[in-house]
Structures are given as structure tokens and as C-alpha cells.
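Notes follow the structure.
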Amino acid sequence: MKRVFSGVQPTGNIHLGNYLGALRQFVELQEEYQCLYCIVDLHAITVPQDPKELRKHILDVAALYLAVGVDPKKSIVFVQSDVPGHSELGWILTCSSYTGELSRMTQFKAKSHNKASAPAGLFTYPVLMAADILLYDTDVVPVGTDQKQHIELCRDLAIRVNNTRKKTFVVPEGRYLKAGARIMSLDDPSKKMSKSAENIHSRISLLDEPSKIKKSIMKATTDSEGIIRFDKEEKPGLSNLINIYSALSDKTVDDIVAMYEGKGYGDFKKDLVEITVDALAPIKERFDEIRSSQELIDILEDGAEKANAIAEKTMARVKDNFGLGLK
Ligand code: ATP
Ligand code: LTN
């Protein structure tokens with residue numbers, strides 16, 4: 001069975017972008033692949049984190065994985081720092097990476113703001129991500145398109161090591177879901193919807209109350225044309241909302257545009273509120289149940305054990321091919 005790996009950072013409330021861009025694919029893939037879904041806490045500490053909050057967010061993300069439909073009987077769900085191989089392989093791959101290629105990563109440029117005091121971990125972040133993926137001989141990595149550059153780096157590193165040493169790694173492929181691949185921020189559609197943006201109305205979190213969902217959608221930036229049509233260049237705000245509508249219903253963008261011919265943004269937004277609230281209600285209900293159960297901890301412990309068993313095999317091969325250690 002081919003293998004899938006993906007990760008989400010425990011840095012805040014998971015939003016619609018995370019769900020449509022990544023999490024939803026996780027559920028579909030578990031039928032066809034052996035899937036590993038990780039809560040990447042080592043990635044989260046590339047920026048300062050409050051320890052108590054971080055722990056809470058780890059369990060929140062784990063519960064959300066399960067609430068959206070990841071099935072621990074089919075998939076391995078675990079916390080990154082519970083498997084030492086991630087850090088170990090991260091270092092080994094850091095030594096095979098070039099500072100030039102890392103300084104071209106757009107996420108690093110965006111998050112470091114060119115400051116000399118930017119944490120070095122932000123710079124090497126994509127290498128740790130490559131380690132996450134290569135540690136499990138992953139074939140397919142489902143992510144949002146914002147991660148494309150990191151996936152390409154991971155492939156380059158795998159190929160580089162394979163070409164300079166014995167064949168060590170499986171070269172993975174990214175899998176980008178089109179409908180929800182890039183959900184934009186509701187208050188500024190030139191930016192992606194993000195957990196870390198200051199304005200809470202820029203995003204819809206999966207656990208938002210209906211009143212908050214309504215407020216965020218009704219406030220969402222559109223334009224003054226008043227006609228419902230899909231045009232990413234001229235009407236990025238409305239087009240983003242149409243995309244969300246389409247991803248949460250079984251309607252295509254063309255269906256939606258046809259349905260709202262002659263209608264105003266108010267009607268469209270009201271319906272989008274209803275569709276969003278209905279889509280998220282069962283997720284929130286399941287989340288509340290799972291989050292407070294001991295079962296969640298048991299699932300993560302069991303996941304870490306299974307992940308470790310795979311990781312240890314890869315690390316033995318890597319160490320051997322690099323000549324590290326005694327055996
Ligand atoms: P931040 O926005 O604070 O940087 P993030 O939400 O981008 O955080 P992650 O938690 O690591 O960061 O993202 C988890 C997954 O969600 C990744 O696969 C990522 O590609 C996807 N993702 C994140 N934002 C969006 C978005 N706006 N649209 C689609 N997919 C997204
Ligand atoms: N970098 C990703 C999170 C992430 C990831 C991974 C995704 C860390 N390791 C491995 C897929 C595979 C992000 O910021 N969205």
C-alpha cells in the first residue's frame with residue numbers, strides 16, 4: 001500500500017483554509033493509502049509559543065483530525081515530537097541543504113521580515129518538513145498550494161541524497177486539491193486565510209459559533225459592482241466566497257453564478273452563512289466529544305508507537321548510508 005504523510009501545526013484554531021486545503025483530503029485518502037497524520041509541534045516552536053497553549057493546541061488539532069473523519073483504525077495519528085526520528089533526520093538533511101535554496105523560500109521571507117533576530121528554526125523549517133515526509137518513505141503529501149515550494153525542496157533533497165549516496169529515500173509527490181487549494185482571507189483577499197492573522201474575522205475557524213460565522217461572512221470584503229460572477233482578478237473577495245460556497249456544497253462555480261443571477265451579495269452571503277454553519281456543526285459536535293475523552297490520548301500514544309516503528313527502520317538505513325554511528 002502506498003503511503004501518505006501530512007502535518008498541521010498546533011498554532012491556533014484550524015480554519016476553513018486548513019480544512020478545505022488539507023484536512024478534507026486526509027479523510028478521502030485513508031481508503032486508498034496507509035496514512036500518517038501528524039501534529040507538527042516542532043514546527044510550531046519556530047515562533048515563540050506559550051507551553052500551556054501549545055499543549056492545548058496539540059490536543060485540539062488531534063481532536064479535529066478525528067472530528068473531520070480521520071479514522072485511527074485506518075490512519076496513524078501522532079505528535080511529531082513523540083518520534084525522535086524527525087529531529088534526527090532533520091539535522092542530517094540540514095547538512096545536505098544549501099543556504100541559498102533555503103533563503104529563496106517565500107514562507108521564510110514572509111515570516112522573518114529580513115530581521116537578523118529571526119529564529120534560525122524559521123530558516124531550516126522546510127528541512128524539518130522534508131524530514132517528516134522522507135522518514136516514512138512517503139509517496140504522496142496532501143497539502144494546500146502554499147506548501148508547493150516546500151514539497152519541491154523535499155523532492156530536491158531526496159534526489160540529491162539518492163544521487164550522492166546509496167538510494168536512501170522515496171521521492172514523494174505533492175497532492176493539491178483544486179477546489180479548496182487556496183482559501184483567501186475574508187478581510188483581505190490578496191492574502192491566504194491564516195491562523196496567525198490578527199483580525200478574527202479574516203478567517204472562519206472550524207469551531208466558530210454560528211453567530212461568529214455569520215458576522216465574518218457578512219463583513220467579508222467584496223466589491224461595489226453588485227453582480228455575482230467569478231473573476232479572481234477583478235473580484236477577488238467575491239470569487240473567494242464563491243469558491244468556499246462551491247467547496248462546501250456539491251455545486252460548481254458555474255452553478256452558483258447561475259443560481260444568483262440578478263440577486264445581490266446580501267442574498268448570496270446569507271446562503272453561504274447557512275451552508276457554512278451546516279457544514280461545520282457536526283464537526284464541532286464530534287470535536288467536543290473527542291476532545292474531552294481519554295481515548296484521544298490513547299490514540300496518540302498508539303500512533304506514536306506505530307510511527308516510531310516505521311521511523312526507526314528508515315533511520316537505520318539513513319545512518320548506514322551516511323556512515324553514522326557504529327552500526
Ligand atoms: P498560518 O496561516 O498561521 O501560517 P497555516 O494554517 O498556514 O498557518 P498549517 O497549520 O501548517 O499552517 O497548515 C495546515 C495545512 O493547511 C497545510 O497543508 C496548508 O497548506 C493548508 N492551508 C493553510 N492555509 C490555507 C489556505 N488559506 N487555503 C488552503 N489551504 C491552506
Ligand atoms: N509546513 C506545513 C506543515 C507541515 C507539513 C509537514 C505538511 C510540517 N511538516 C509535512 C505536510 C507534510 C505548513 O506550514 N502548512
Side-chain angles (χ1 to χ4, degrees), residues 3-26 29 35-47 49 54 57-58 60-62 64-65 68 78-81 83 86-87 89-90 93 105-108 110-112 121-122 124-136 138-155 157-158 172-200 202-206 236 240 243-244 247 307:
R3 215 171 258 161
V4 158
F5 181 96
S6 196
V8 173
Q9 296 190 59
T11 47
N13 277 335
I14 302 288
H15 52 73
L16 264 185
N18 301 136
Y19 176 53
L20 298 173
L23 260 63
R24 209 160 62 160
Q25 298 187 69
F26 292 5
L29 290 167
C35 298
L36 290 107
Y37 296 127
C38 186
I39 298 120
V40 290
D41 54 349
L42 294 170
H43 279 94
I45 60 164
T46 52
V47 295
Q49 300 290 342
L54 183 58
H57 285 147
I58 289 172
D60 284 350
V61 172
L64 266 174
Y65 274 166
V68 301
F78 70 105
V79 182
Q80 186 184 29
S81 64
V83 180
H86 291 261
S87 305
L89 184 57
L93 290 175
M105 296 290 127
T106 51
Q107 183 174 304
F108 168 68
K111 291 200 172 173
S112 66
L122 264 188
T124 55
Y125 173 114
V127 185
L128 180 60
M129 175 163 164
D132 298 342
I133 297 166
L134 301 181
L135 190 56
Y136 299 99
T138 302
D139 299 288
V140 178
V141 189
V143 277
T145 46
D146 61 312
Q147 296 300 313
K148 217 170 189 167
Q149 206 185 19
H150 294 162
I151 301 289
E152 286 310 310
L153 177 82
C154 173
R155 290 170 51 86
L157 289 175
E173 308 256 347
R175 185 180 189 272
Y176 310 99
L177 187 77
K178 210 163 159 266
R182 198 165 164 80
I183 300 296
M184 308 311 285
S185 161
L186 298 181
D187 65 338
D188 177 358
S190 68
K191 296 194 184 124
K192 69 164 192 149
M193 186 176 283
S194 159
K195 280 188 280 202
S196 41
E198 238 166 71
N199 179 5
I200 57 161
S202 68
R203 63 182 161 265
I204 292 171
S205 296
L206 295 193
N240 185 41
N243 249 337
I244 295 174

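Just follow the structure's listing: the first ligand is 1, and inside any ligand the first atom is 1. Position 1 is the first residue of the sequence; numbering continues from there.
Looking from atom 10 (C) of ligand 2 to the surrounding protein, the closest heavy atom is Phe5 CE2, 3.5 Å. Among all non-hydrogen protein atoms, the one lying nearest atom 1 (N) of ligand 2 is Tyr125 OH, 2.7 Å. At the shortest separation from atom 3 (C) of ligand 2 among protein heavy atoms lies Gly7 O, 3.6 Å.
Side-chain atoms of Asn13 never come within 3.5 Å of backbone atoms of Ser205 as a donor-acceptor pair (strictly under, hydrogens ignored). The backbone N or O of Ala247 sits less than 3.5 Å from a side-chain atom of Arg24, completing a donor-acceptor pair. Between the side chain of Tyr37 and the main chain of Leu23, no donor-acceptor pair closer than 3.5 Å is present. Side chain of Arg155 to backbone of Pro172: a donor-acceptor contact under 3.5 angstrom is found. Judged purely by atom type and a 3.5 angstrom limit, Thr138 uses its side chain to pair as donor or acceptor with the backbone of Ile133. The closest donor-acceptor contact from the side chain of Arg3 to the backbone of Asp139 lies at 3.5 Å or more, if one exists at all.
At under 3.5 Å, not a single nitrogen or oxygen of Ser6, backbone or side chain, sits near a nitrogen or oxygen of ligand 1. Taking only nitrogen or oxygen atoms, main chain and side chain alike, Asp146 does not reach within less than 3.5 Å of ligand 2. At least one N or O atom of Asn18, backbone or side chain, sits closer than 3.5 Å to an N or O atom of ligand 1. By the 3.5 Å distance cut-off applied to N or O atoms, Val143 is not counted among the residues near ligand 1.
With ligand atoms numbered from 1 in the order given, ligand 1 contributes 20 (O) to contacts under 4.0 Å with heavy atoms of Gln147. Residue Val143 approaches ligand 2 through these ligand atoms, each under 4.0 Å from one of its heavy atoms: 7 (C), 11 (C). Listed by number with element, the atoms of ligand 1 under 4.0 Å from a non-hydrogen atom of Arg182 are 28 (N), 29 (C). Taking a cut-off of under 4.0 Å to the non-hydrogen atoms of Asp146, the atoms of ligand 1 that pass are 19 (C), 20 (O), 22 (N). Each of the following atoms of ligand 1 lies closer than 4.0 Å to a heavy atom of Gly21: 29 (C), 30 (N). Distances below 4.0 Å separate heavy atoms of Gln9 from the following atoms of ligand 2: 14 (O). Below 4.0 Å from some heavy atom of Val40 lie the following atoms of ligand 2, by number and element: 8 (C), 9 (N). Against a heavy-atom cut-off of under 4.0 Å, Ser194 is close to the following atoms of ligand 1: 1 (P), 2 (O), 3 (O).
Between atom 31 (C) of ligand 1 and the options Gly144, Gly17, Ala247, the minimum heavy-atom separation is to Gly17. Nearest to atom 13 (C) of ligand 2 by heavy atom, out of Gln107, His86, Gln147, is Gln147. For atom 9 (P) of ligand 1, the nearest non-hydrogen atom from the set Lys148, His150, Arg24, Lys195 comes from Lys195. Looking at Val8, Val141, Asp132, it is Val141 that brings a heavy atom closest to atom 12 (C) of ligand 2.
Taking the six-membered ring wherever Trp is involved, the centroid distance between the rings of Phe26 and Tyr65 falls below 6.0 Å.
Contact annotation: for Lys111 versus ligand 1, heavy atoms closer than 4.0 Å belong to the side chain alone. Proximity of His15 to ligand 1, defined as any heavy-atom pair under 4.0 Å, is confined to the side chain (atoms from C-beta onward). With a heavy-atom cut-off of 4.0 Å, Ala22 touches ligand 1 through its side chain alone. Under 4.0 angstrom from ligand 1, the non-hydrogen atoms of Ile183 come from both its backbone and its side chain. In Leu128, neither the side chain nor the backbone holds a heavy atom less than 4.0 Å from any atom of ligand 2.
Residues satisfying the ring-ring contact (aromatic ring centres under 6.0 Å, His included) criterion with Phe5, sequence neighbours excluded, are Tyr136.
In this structure, OG1 in Thr106 is found 8.5 Å from CG in Asp146, a value given to the nearest 0.5 Å. Atoms NZ and OG, on Lys195 and Ser202 in that order, are 13.0 Å from each other to the nearest 0.5 Å. Here CD1 of Ile204 is found 6.0 Å from CD1 of Ile244. Values are rounded to the nearest 0.5 Å. How far CG of Leu157 is from CD of Glu152: 11.5 Å, rounded to the nearest 0.5 Å.
There is no side-chain donor-acceptor pair under 3.5 Å between Asp60 and His57.
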Exercise. Hey, mind stepping through Asn240 and Arg182 against side-chain contact (heavy atoms from CB on, under 4.5 Å) and telling me if it holds?
Worked result: CA-CA 9 Å; Asn240 185 41; Arg182 198 165 164 80; over 6 Å; no

